[in-house]
Amino acid sequence: MAIQGSDMAAMMLAMPARTPWQRLRKLGILGMNERNASFVLPYNPRKNYPQVDDKRLTKSMAIQFGLPVPEQYAVIEIEHQLQTLEDDLAAYEDFVVKPSHGSGGGGILIVEGRAGGHYRLSNGRLIDSGELAFHISNILSGLFSLGGVPDAAVIEYRVCQDPVFEQVSYRGVPDIRVIVFRGVPVLAMVRLPTRISDGKANLHQGAIGVGIDLVTGMTRRGVWHETPVHAHPDTGGVLEGIMIPNWYDILLMSARCHDMVGLGYIGVDIVLDRALGPLMLEINARPGLNIQLAGHRGLVHGLNALRDLDNIPQKAEDRVALALEMYAGSRQA
């Protein structure tokens, strides 16, 4: 018996995806080429990139915009300033040194305290003032900057970890990444430092990515080196079921970052300080895609749904409400 065209189409739709590409598309996994061609290039004006690529400029804009950020202690721009480095830092027991144009967590030095005239790093190692100056000199030379161009070193307040993460973080401070498209939060995860990552919340260096339910602010299982994990490998702490404090404020802060920098597709990094609450660390105009593994869901469906909307609310509060509505709807689908 001949099969009619409509029957054939129905049969094809009912067939399970057989190739890896088909399976990934069904899950809504976004690839780098599609990210760049469909979302980064059309929605991120090139002229606005300096606002997020330069951490000093981003921090200055955030302060003017009313977004909380870690306090800036000093900026080192030329080698001559290193001669007075010890005096400039004398008032601070702990601090963070980072390249202004750095990427991927490279060049960040976390000083947790002092001991016998030395600086104690987050990994427990002690360095003297000469080693600290040498590290900053490497930052100035562009060793950690985008494109290797000469850079500046930013010295700022060291965030103190919120107690909620004490059982699931090794030495360093976790950070929260939120993907925002057209001003609407789409997906979120928390990155947890490990021994392998040297206490840094960087997935490429060995941190754990843990998805966060956008509606409840509750953590789910994690991914470590692309392998699902339910407990932290160093502390043994359970990764699932952690309620992120100030979750609505974090989503609202992320949505407002879109208004601040005028970029349509961004990754916003936020930390939770023990005393100060949520602080915006930085904004990325080319956010990575590992958040899909951590969040156990692809980006494509949510991004396409937002791209198809003719009108996006102007108020950040309304965009957060839209995000929660869309996420809850997709979760039930």
Side-chain angles (χ1 to χ4, degrees), residues 30 32 35-72 75 96 98-106 108 144-147 149 151-152 154 156-157 159 175-189 191 201 214 246 248-272 277-289 291 299 302-303 306-307 309 311-323:
L30 181 70
M32 187 172 294
R35 180 202 67 176
N36 294 339
S38 299
F39 301 103
V40 172
L41 291 176
Y43 291 94
N44 288 354
R46 190 72 191 179
K47 62 183 178 64
N48 291 356
Y49 274 52
Q51 298 175 168
V52 298
D53 287 344
D54 186 335
K55 293 179 177 59
R56 292 174 298 170
L57 179 56
T58 306
K59 185 185 291 286
S60 176
M61 293 177 63
I63 293 172
Q64 296 178 22
F65 208 73
L67 294 177
V69 294
E71 181 184 353
Q72 182 172 287
V75 176
V96 174
K98 59 176 61 175
S100 182
H101 291 85
S103 64
I108 296 178
F144 308 103
S145 68
L146 292 166
V149 297
D151 205 351
V154 178
E156 64 183 27
Y157 168 78
V159 175
D175 68 18
I176 295 167
R177 161 66 61 88
V178 183
I179 298 294
V180 179
F181 180 50
R182 299 185 71 185
V184 181
V186 179
L187 208 57
M189 70 173 170
R191 297 178 289 202
L214 214 64
N246 308 108
Y248 178 81
D249 294 336
I250 290 171
L251 291 179
L252 184 60
M253 189 183 302
S254 302
R256 294 189 64 206
C257 285
H258 160 79
D259 301 325
M260 181 178 75
V261 298
L263 294 170
Y265 184 77
I266 55 176
V268 180
D269 293 342
I270 295 173
V271 289
L272 279 173
L279 301 173
M280 195 276 291
L281 268 189
E282 58 185 69
I283 301 170
N284 195 313
R286 319 162 193 82
L289 299 171
I291 192 171
L299 280 163
L303 295 178
L306 285 170
R307 186 170 55 180
L309 288 180
N311 297 304
I312 298 291
Q314 291 189 351
K315 293 180 61 177
E317 293 84 353
D318 294 335
R319 296 199 300 270
V320 171
L322 174 61

Which atoms form the tightest heavy-atom contact between [X] and [Y], and what is the distance?
X	Y	result
H258	V180	CB-CG1, 4.3 Å
G267	P287	N-CG, 3.6 Å
I270	M253	CD1-SD, 3.8 Å
G102	D151	N-OD2, 4.0 Å
P185	A255	CD-CB, 4.3 Å
Y265	F39	CB-O, 3.9 Å

- For R56, what residues pass the salt bridge (charged side-chain N to carboxylate O under 4.0 Å, His left out) criterion, not counting sequence neighbours?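 Only D54, E77 meet the salt bridge (charged side-chain N to carboxylate O under 4.0 Å, His left out) criterion with R56.
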
- Message: side-chain contact (heavy atoms from CB on, under 4.5 Å) for V268 and M260? Distances and angles first, verdict last.
- Response: CA-CA 12 Å; V268 180; M260 181 178 75; over 6 Å; no

With rounding to the nearest 0.5 angstrom, report the [atom1] to [atom2] distance, [X] to [Y].
X	Y	atom1	atom2	result
D53	T58	CG	OG1	8.0 Å
L322	L306	CG	CG	6.0 Å
I312	R307	CD1	CZ	12.5 Å
Q51	I266	CD	CD1	11.0 Å
I63	M280	CD1	CE	9.0 Å
I176	I250	CD1	CD1	3.5 Å

- Message: Could you check whether any side-chain heavy atom of V159 comes within less than 4.5 Å of a side-chain heavy atom of V96, counting everything from C-beta outward?
- Response: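 V159 vs V96: side chains apart.
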
- Task: Examine distances only and state if a side-chain atom of N48 and a backbone atom of L263 form a donor-acceptor pair shorter than 3.5 Å.
- Result: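 Between the backbone of L263 and the side chain of N48 there is no qualifying donor-acceptor contact (under 3.5 Å).
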
- side chain to side chain contact (heavy atoms under 4.5 Å, CB included) against S60, all qualifying residues, sequence neighbours excluded: Q64

- Which residue pairs satisfy the salt bridge (Lys or Arg N to Asp or Glu O under 4.0 Å) criterion with at least one member in residues 248-272, sequence neighbours excluded? R177-D269, R191-D269, D259-R319

- What residue among L67, V52, V178 forms side chain to side chain contact (heavy atoms under 4.5 Å, CB included) with C257? L67

- Item | Residue from K55, K59, Q72 passing side chain to side chain donor-acceptor pair (under 3.5 Å) with E156 |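 Considering K55, K59, Q72, a side chain to side chain donor-acceptor pair (under 3.5 Å) with E156 is found only for K59.
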
- Cation-pi check, R46 to Y49: give yes when NZ or CZ is under 6.0 Å from the six-membered ring centre and within 45° of the ring axis, no otherwise.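 Here R46 passes the 6.0 Å and 45° test against Y49.
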
